[in-house]
Participant: 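Have a look at this one.
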Amino acid sequence: MLKKVLLFIITFTILKPALAQQSDAEFAEHYFNKQEYNKAILYLDKLYYDKKNVNYFDKLLTSYIKVDEFQKAEKLIKQHYKGAAKEFEEDIALAKLFAVSNPDKAEKIYQHLSELRLKNQTDITVLADFLINSKEYQRAYEFYTAHKDLQSTYNYYLTLARIFGALGKNSAMIDQYLNMVLENPAYQNIVKSSLIRYLDFTEDEELSELLRISLLKAQQNSKYNPAIVSLLQWYYLQVGAFDAAFSQLKAASKRNGIVLEPFLELAKTLANNGKLKLCYETYTYLETEGFSPETQQFIQTNKVKYAYAFYNQNNGLVEDEFDVAPIFDNYIRATSLNAANAFVYLDFADYLFRYKKDISSAFAYCDSIINTPNIYPRVAAFAKIKKADILVVEDDIWEASLLYSQVEKEFKNDDLGSHAKLKNAHIAYYSGDFEWAQAQLDIIKAATSELISNNAIDLSLIITDNLNLDTSGTAMTLYAQADLYLLQNKTPQALALLDSLIELFPTHSLKDEILWKKFNIAKKERNYPLAKSYLEQIITDHAFDIYADDAIYNLGLMYQDIFNDSAAAIEQYKNLIINHPNSVFTANARKRLRNLRGDNIKFEG
């Protein structure tokens, strides 16, 4: 027992100083972080003089300055840097102090520092950063340019760009960034990141235009530089000038020969931004170039894919000169179904089903895809879903449900399985089994991608917002049947049901949903005055309901794109921005508003 006591006493005696220091450090950190600097000084002073740790020095110096103990701060600096190899480090610390306590002294130190001539690149960077962070931008420029020969081109151009940006010399800032890219194309991504920090492409129109002009000049003054072409492409895409991006890339190709990768990059961006016709035109342009057979096959396949995507995006209501039928026909004649191009054949099946009402041929193509040797399981699953979609339209919803269930089971922990589960939830909804549909939707909302989840939320909201106020479920059942009629292209029957709903339940909460559906039907049939009237009814009678912001934005689109009434469109966009600032449409409304004011991007080839 005595041995244990002695061991404890010895151990405690050895550890006590260390424990005390640990405790002091924790107290110092606590009070410093709480900005109780007088209390922090009590601990930092002892910790610094015991350990001479630079972290404690910085915090002790900051604490002295914060409580106006300027003499103690100056004494601390001179003690800390006494005998230091780098004299400028003491000057930097004194400048920080005098910037608060004695601006005239600080000014003299800034001038002295800017006149120093150093030989070590790291020291040059440290001192330049200090002058920049102290907002001594002109002195930073003078100091840094005096050391040009000792700097790497990367550091030199990047730091100068930063200085010029702070000085408001935007043209010079852009020149430095372009110098970086001309010196080394690998720097272009760093330049893009830096420009995004300085420039809001949608708000700072003057600087955005200056960048465009500078990029065009750089392109014209230099021999073909892929990095400059890429930067110009990137600029046009940032401002949403997609046509200009395509035109610029074609012009560069005519001057310097075609390079495939930038076009593929552009096509990908166009597709991601919903510019499907321009994406199709990009692949059409590439089709005329002499690439390898494998590349040509890839190009032609994507050409057909995006031709139909554009056609589908517009529900088949496209210009007369854009006919997707011969595009499909030429491709089907020139190829045979295989694992690599099955998704194009699936699009063709969809086209036959939706736009040509050729149900038997659409079915046959779906079955051919499902039975294709070595078919990718996901493509086969999509073919099953498409076949099920056709069955729903043909009013065989239970056979369709079996196919959806197969995909749901095969891809249980995958978005594709969730997509099939959502389809089955719709089957329950159409059948009037709202509770089961809601149970499935709750599962989907919690465990799937944003797009599928949002679709589930939309249907869930329709059920929960309206079923609770409809104890018999009659109105919801009729509304769900109207939805099914629309899916089955039985528009007259759907409209009849929707009209009867309004007559039978004039005060039902479904009324704004009914008006929204009628708007979409009228718009699809190109009855624009009628479509406009439904939007106006929503805005007037349902200003606080779920489709209010949708109605305002779509009314603005109609005024702008269909009725060519810019003044009326501007009023709708302003209404949306002011009264629905958190709407998902607000950002696009702002862009359209700026375009209507004449803030358009020009293109110079």
Participant: Is any side-chain heavy atom of Arg592 less than 4.5 Å from a side-chain heavy atom of Asp561?
Facilitator: yes
Participant: Hey, can you tell me if Phe57 and Tyr48 have their rings parallel, tilted or perpendicular (30° and 60° cut-offs)?
Facilitator: tilted
Participant: Does Asn120 reach the main-chain N or O of Thr122 with its side chain, forming a donor-acceptor pair under 3.5 Å?
Facilitator: yes
Participant: If the test is side chain to side chain contact (heavy atoms under 4.5 Å, CB included), which one of Leu160, Leu195, Leu182 qualifies with Tyr177?
Facilitator: Leu195
Participant: If you draw a 6.0 Å radius around NZ in Lys250, do more than 12 non-hydrogen atoms from other residues or ligands fall strictly inside?
Facilitator: yes
Participant: Roughly how far, to the nearest 0.5 Å, is CG of Asn302 from CD of Glu287?
Facilitator: 11.5 Å
Participant: Do Thr586 side-chain atoms and Ser583 backbone N/O form a donor-acceptor pair below 3.5 Å?
Facilitator: yes
Participant: If you compare all heavy atoms of Asn38 against all heavy atoms of Val67, which two are closest, and at what distance to 0.1 Å?
Facilitator: OD1-CG1, 3.7 Å
Participant: Between Phe310 and Tyr280, is the gap from one ring center to the other below 6.0 Å?
Facilitator: no
Participant: Evaluate side chain to side chain donor-acceptor pair (under 3.5 Å) for Asp129 paired with Asn133, printing each intermediate quantity in order.
Facilitator: CA-CA 6 Å; Asp129 284 345; Asn133 294 332; 5.8 Å; no
Participant: On a heavy-atom basis, which atom in Leu44 and which in Ser63 lie closest, and how many Å separate them?
Facilitator: CD1-OG, 3.7 Å
Participant: Which label fits Phe27 and Tyr43: parallel for a plane angle under 30°, tilted from 30 to 60°, or perpendicular past 60°?
Facilitator: parallel
Participant: Can we say Asp104 and Lys108 salt-bridge, meaning some charged N sits less than 4.0 Å from an Asp/Glu carboxylate O?
Facilitator: no
Participant: In the structure I gave you, are the side-chain heavy atoms of Leu266 and Gln233 within less than 4.5 Å of one another anywhere?
Facilitator: yes
Participant: Measure centre to centre between the rings of Phe242 and Tyr236, then say whether the value is under 6.0 Å.
Facilitator: no
Participant: If you count heavy atoms of other groups shown closer than 6.0 angstrom to NZ of Lys66, is the number above 12?
Facilitator: no
Participant: Can you name the nearest heavy-atom pair linking Ala245 to Leu237, along with the distance?
Facilitator: CB-CD2, 4.1 Å
Participant: What distance separates Asp415 CG from Ile452 CD1, expressed to the nearest 0.5 Å?
Facilitator: 4.5 Å
Participant: For Leu47 versus Ala25, what's the shortest heavy-atom pair and its separation?
Facilitator: CD1-CA, 3.6 Å
Participant: Taking the inter-plane angle between the rings of Phe130 and Tyr110 on a 0 to 90° scale, is it parallel (under 30°), tilted (30 to 60°) or perpendicular (over 60°)?
Facilitator: tilted
Participant: Keeping Asn273 on the side-chain end and Thr269 on the backbone end, is there a donor-acceptor pair under 3.5 Å?
Facilitator: yes
Participant: Determine, step by step, whether Ser292 and Thr295 satisfy the side chain to side chain donor-acceptor pair (under 3.5 Å) criterion, reporting the C-alpha distance in whole Å, the side-chain angles of both residues, the deciding distance to 0.1 Å, and the verdict.
Facilitator: CA-CA 5 Å; Ser292 69; Thr295 301; 2.9 Å; yes
Participant: Examine Tyr144 together with Tyr156 and report whether their ring centres are nearer than 6.0 Å.
Facilitator: yes
Participant: Quick one: do Tyr285 and Ser253 satisfy side chain to side chain contact (heavy atoms under 4.5 Å, CB included)? Show the steps, please.
Facilitator: CA-CA 11 Å; Tyr285 178 79; Ser253 295; 4.1 Å; yes
Participant: Assess the residue pair Gln313 and Tyr306 against the criterion (side chain to side chain donor-acceptor pair (under 3.5 Å)); give the C-alpha distance rounded to whole Å, side-chain angles, the decisive distance to 0.1 Å, and a yes or no.
Facilitator: CA-CA 10 Å; Gln313 184 185 51; Tyr306 288 108; over 6 Å; no
Participant: Look up atom CD1 in Ile174 and atom CG in Asn179, then write down how far apart they are to the nearest 0.5 Å.
Facilitator: 12.0 Å
Participant: Taking it one step at a time, do Ser152 and Asn155 satisfy side chain to side chain contact (heavy atoms under 4.5 Å, CB included)?
Facilitator: CA-CA 5 Å; Ser152 69; Asn155 281 337; 3.4 Å; yes
Participant: Applying salt bridge (Lys or Arg N to Asp or Glu O under 4.0 Å), run through Asp45 and Lys72 and close with a yes or a no.
Facilitator: CA-CA 11 Å; Asp45 184 74; Lys72 289 183 178 179; over 6 Å; no
Participant: What distance separates Asn454 CG from Ile444 CD1, expressed to the nearest 0.5 Å?
Facilitator: 12.5 Å
Participant: Of the options Glu136, Arg139, Glu142, which is the one that meets Gln111 in a side-chain hydrogen bond (donor to acceptor under 3.5 Å, both in side chains)?
Facilitator: Arg139
Participant: Before accepting this row, confirm whether a basic side-chain N of the pair Glu209/Arg212 lies closer than 4.0 Å to the acidic partner's carboxylate O.
Facilitator: yes
Participant: On a heavy-atom basis, which atom in Ile538 and which in Ala551 lie closest, and how many Å separate them?
Facilitator: CG2-CB, 3.8 Å
Participant: Any donor-acceptor pair under 3.5 Å linking the side chain of His147 with the backbone of Ile124?
Facilitator: no
Participant: Assess whether a salt bridge exists between Asp243 and Lys275, defined as any Lys/Arg side-chain N lying under 4.0 Å from an Asp/Glu carboxylate O.
Facilitator: no
Participant: Can you list the steps and then say if Phe70 with Tyr64 is a ring pair (Phe, Tyr, Trp, His ring centres under 6.0 Å)?
Facilitator: CA-CA 7 Å; Phe70 301 129; Tyr64 278 143; over 10 Å; no
Participant: For Leu276 and Ala309, which heavy atoms make the closest approach, and how far apart are they?
Facilitator: CD1-O, 3.4 Å
Participant: Where does the angle between the aromatic ring planes of Tyr553 and Phe585 fall among parallel (under 30°), tilted (30 to 60°) and perpendicular (over 60°)?
Facilitator: parallel
Participant: After noting the C-alpha distance and the side-chain angles of Lys34 and Lys39, does the key distance pass the side chain to side chain contact (heavy atoms under 4.5 Å, CB included) rule?
Facilitator: CA-CA 10 Å; Lys34 288 189 69 176; Lys39 292 179 181 178; over 6 Å; no
Participant: Any side-chain heavy atom of Tyr283 sitting closer than 4.5 Å to one from Leu264?
Facilitator: yes
Participant: Stepwise, does the ring pair (Phe, Tyr, Trp, His ring centres under 6.0 Å) test hold for Tyr187 with Tyr154?
Facilitator: CA-CA 8 Å; Tyr187 294 150; Tyr154 170 82; 5.1 Å; yes
Participant: Might you confirm whether atom CD of Glu69 has over 12 heavy atoms from other residues, nucleotides or ligands at distances under 6.0 Å?
Facilitator: yes
Participant: Under the 3.5 angstrom rule, does the side chain of Thr288 hit a backbone N or O of Thr284 as a donor-acceptor pair?
Facilitator: no
Participant: Sort out for me which residue in Tyr157, Tyr137, Tyr141 forms a ring-ring contact (aromatic ring centres under 6.0 Å, His included) with Phe164.
Facilitator: Tyr141
Participant: For the NZ atom on Lys303, are there more than 12 heavy atoms of other groups (residues, nucleotides or ligands in this structure) within a distance under 6.0 Å?
Facilitator: yes
Participant: Would you say the side-chain atoms of Arg117 pair up with the backbone N or O of Glu115, donor to acceptor, closer than 3.5 Å?
Facilitator: yes
Participant: Do the side chains of Lys217 and Asp175 get close enough for a salt bridge, i.e. N-O under 4.0 angstrom?
Facilitator: no
Participant: Could you check Ser230 against Gln188 for side chain to side chain donor-acceptor pair (under 3.5 Å), going step by step and ending with a plain yes or no?
Facilitator: CA-CA 8 Å; Ser230 175; Gln188 61 175 298; 2.8 Å; yes
Participant: Between Tyr235 and Ser208, do the side chains contain an N or O donor and an N or O acceptor separated by less than 3.5 Å?
Facilitator: yes
Participant: Roughly how far apart are Ile109 CD1 and Glu90 CD, rounded to 0.5 Å?
Facilitator: 8.5 Å
Participant: Going through the checks in order, is the side chain to side chain contact (heavy atoms under 4.5 Å, CB included) test met by Phe143 and Ile163?
Facilitator: CA-CA 11 Å; Phe143 168 78; Ile163 293 169; over 6 Å; no
